[in-house]
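Here is the structure we will look at, set down as structure tokens.
Numbers here simply count residues along the sequence, with the first being 1. This structure is a prediction, so every number in the text was calculated from the model and none was measured.
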Amino acid sequence: HGMGYAVAIAAGDHRDVLATANAQGLVGTIAFGGGLGSTVLAVGLASTFEAGKDPVADSAVALVAGLNATTLNDLRDRHSAWWRDFWGKSAIQYGHEELERLWYAGLYAMGSSTRPQSSPPNLQGLWVQDEISPWHTDFHFNTNIQQCQWGACGSNHPELQEALLRLLTEEWSEELKRAGREVYGVDAPALNLATDWLGRAISSWGFLELSVTAW
């Protein structure tokens, strides 16, 4: 899609970090522990999607620049406070402990995958375990995306659906209206069964497309 990406790495107060890029990603070494002391490894990721016209590399560097003990402790405290508030909004107790653990695991996965101001989880959300993700981690607006969202309101976390609602009603609005005009001949938004990160159709499965018109 003509996107540009950059990665910046900072490792505490260490200056002897060596990292290079190859076809598999970043490969590098850092020495710490024992007499060398501990370190905190920070990785900044940026793309032209967030950075706009600004140099992407500078944006990645800015994410890790100026990290010190004070800022790291502040980030850790805010992170812990967010999760304390999150878990304080709901709880369940089942007679079957495995089902109870699955409920909490699913809620944790959802809470880790989205924020109101960020993106909704796609097919695998953050939990991709493959180098090349199944279906390229697109958005499948049949049961797949619905399954990601099922537990949000019932667990007293409607904020976990805000990113998806914003995507459908605002960010993808013009693209979905275009699909409505060109595919169905109506002056209304129409959601395709499988879309990319901009809401553009990436499949043409005939009658299966009708299965998502309820959206």
Side-chain angles (χ1 to χ4, degrees), residues 3 5 7-10 25 40-47 49-51 59-60 62-64 67 69-173 191 193-199 212 214-215:
M3 296 283 290
Y5 300 87
V7 179
I9 299 176
V40 174
L41 187 65
V43 180
L45 307 173
S47 73
F49 184 73
E50 299 93 4
S59 300
L63 290 172
V64 298
L67 288 177
T70 301
T71 57
L72 290 172
N73 286 334
D74 179 60
L75 288 171
R76 187 179 296 110
D77 289 345
R78 283 190 286 153
H79 178 77
S80 297
W82 190 92
W83 280 108
R84 283 196 300 271
D85 178 70
F86 183 85
W87 292 120
K89 291 183 177 179
S90 62
I92 64 164
Q93 186 173 10
Y94 283 143
H96 197 299
E97 290 186 3
E98 185 174 353
L99 289 178
E100 186 175 318
R101 287 197 300 270
L102 284 173
W103 187 88
Y104 281 108
L107 191 56
Y108 173 75
M110 185 68 173
S112 300
S113 293
T114 186
R115 295 288 188 276
Q117 70 278 10
S118 66
S119 301
N122 49 22
L123 275 177
Q124 288 84 31
L126 297 177
W127 312 105
V128 176
Q129 301 181 36
D130 306 277
E131 183 174 343
I132 299 177
S133 304
W135 298 281
H136 303 284
T137 60
D138 61 16
F139 289 92
H140 269 47
F141 284 96
N142 48 16
T143 312
N144 289 276
I145 295 300
Q146 293 182 43
Q147 284 177 331
C148 291
Q149 305 287 331
W150 274 342
C153 290
S155 61
N156 196 29
H157 287 287
E159 75 279 1
L160 297 180
Q161 293 186 332
E162 288 186 31
L164 178 66
L165 292 173
R166 187 186 68 254
L167 206 69
L168 295 174
T169 61
E170 298 178 22
E171 295 180 15
W172 290 1
S173 177
L191 190 59
L193 177 63
T195 77
D196 66 6
W197 59 284
L198 293 176
V212 297
W215 283 91

Flag if over 12 foreign heavy atoms under 6.0 Å of CD, Glu97: no
Non-hydrogen atoms of Glu162 and Pro116 that approach each other most closely: OE1-CB, 3.3 Å
Arg166 side chain to Glu171 backbone, donor-acceptor under 3.5 Å: no
Heavy-atom donor-acceptor pair, Tyr94 side chain to Arg101 backbone, under 3.5 Å: no
Whether Asp138 side chain and Ala194 backbone form a donor-acceptor pair below 3.5 Å: no
Heavy-atom pair with the smallest gap, counting every atom of Leu45 and Leu63: O-CD1, 3.3 Å
Mutual orientation of the aromatic rings belonging to Phe141 and Trp172 [parallel < 30°, tilted 30-60°, perpendicular > 60°]: perpendicular
Contact summary for Glu159 and Asn156, nearest pair of heavy atoms: OE1-O, 4.3 Å
His140 to Ile145 - nearest heavy-atom pair and separation: O-CG1, 2.9 Å
Shortest non-hydrogen contact from Trp82 toward Gly111: CH2-O, 3.8 Å
Asn144 (side chain) donor-acceptor with Leu123 (main chain) under 3.5 angstrom: no
Side chains of Trp197 and Thr137 in contact at under 4.5 Å (non-hydrogen atoms): no
Heavy-atom check, side chain of Thr70 versus side chain of Asp74, under 4.5 Å: no
Single hit among Trp150, Phe86, Tyr108 for ring-ring contact (aromatic ring centres under 6.0 Å, His included) with His157: Phe86
Distance in Å, Leu198 CG paired with Leu167 CG, rounded so as to fall on 0.5 Å steps: 9.0 Å
Heavy-atom pair of closest approach, residues Val64 and Gly44: CG1-N, 3.4 Å
Contact check, side chains of Leu164 and Phe139, non-hydrogen atoms, under 4.5 Å: no
Distance (rounded to the nearest 0.5 Å) between Ser155 OG and Trp87 CH2: 9.0 Å
Side chain proximity check, Ile9 to Leu41, heavy atoms < 4.5 angstrom: yes
Name of the residue among Ser112, Ser118, Ser113, Ser119 meeting side chain to side chain contact (heavy atoms under 4.5 Å, CB included) with Arg115: Ser118
Mutual orientation of the aromatic rings belonging to His79 and Trp83 [parallel < 30°, tilted 30-60°, perpendicular > 60°]: perpendicular
Within-4.5 Å side-chain heavy-atom neighbours: Gln149 and Pro121: yes
pair Trp103-Ser90: side-chain heavy atoms closer than 4.5 Å: yes
